[in-house]
Undergrad: 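Structure incoming, see below.
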Amino acid sequence: MNTKVPTSSFAAEDQFGQRVAARLSAGSQELSHDIGERLRVARAQAVAMRKQAPQLRAASTVIRSGNVATMGGSWWTRIGSVIPLIALVAGLITISVMQDEDRASELADVDSALLTDDLPPAAYTDPGFAQFLKSDGASD
């Protein structure tokens, strides 16, 4: 569902501005020339700013869809906003795979050290082996 600001509000703003300008013009005849000239310059600047304002409003359209409001744009803009999310997910997957490979490599090193050692692997589970290591280390 696309909702845009109705153009009738722009027309109402223009009518209000014209009424204010007419009232200011009517009251400016009683002022001195210097003040009247400054007011004329200020009005010219205000009109110039007003002419630029509709261009800014037309450039930023807000599209409301359900409970989500997004800026209107092309598919390339939407795809461009998803690319950082895809890069983040790819980076996390890469980190996870690298950590798994590192853990597997460390476990393989421990397994190969156990298998090539002089002691059988069952000796490491023996409760007296820890005591043997402590007494062997103390006698050195």
Undergrad: For the CD1 atom of I79 and the CD1 atom of I86, what is their distance to the nearest 0.5 Å?
TA: 9.0 Å
Undergrad: Could you report the tightest heavy-atom contact between S112 and D109, atom names first, then the distance?
TA: OG-O, 2.9 Å
Undergrad: Considering the options D100, L92, I93, which one meets the side chain to side chain contact (heavy atoms under 4.5 Å, CB included) requirement together with S96?
TA: D100
Undergrad: Below 4.0 angstrom, N of the basic side chain to O of the carboxylate: do E37 and R40 qualify?
TA: yes
Undergrad: Might you work through the side-chain contact (heavy atoms from CB on, under 4.5 Å) test for F16 and E13, ending with a clear yes or no?
TA: CA-CA 5 Å; F16 176 74; E13 288 177 8; 5.7 Å; no
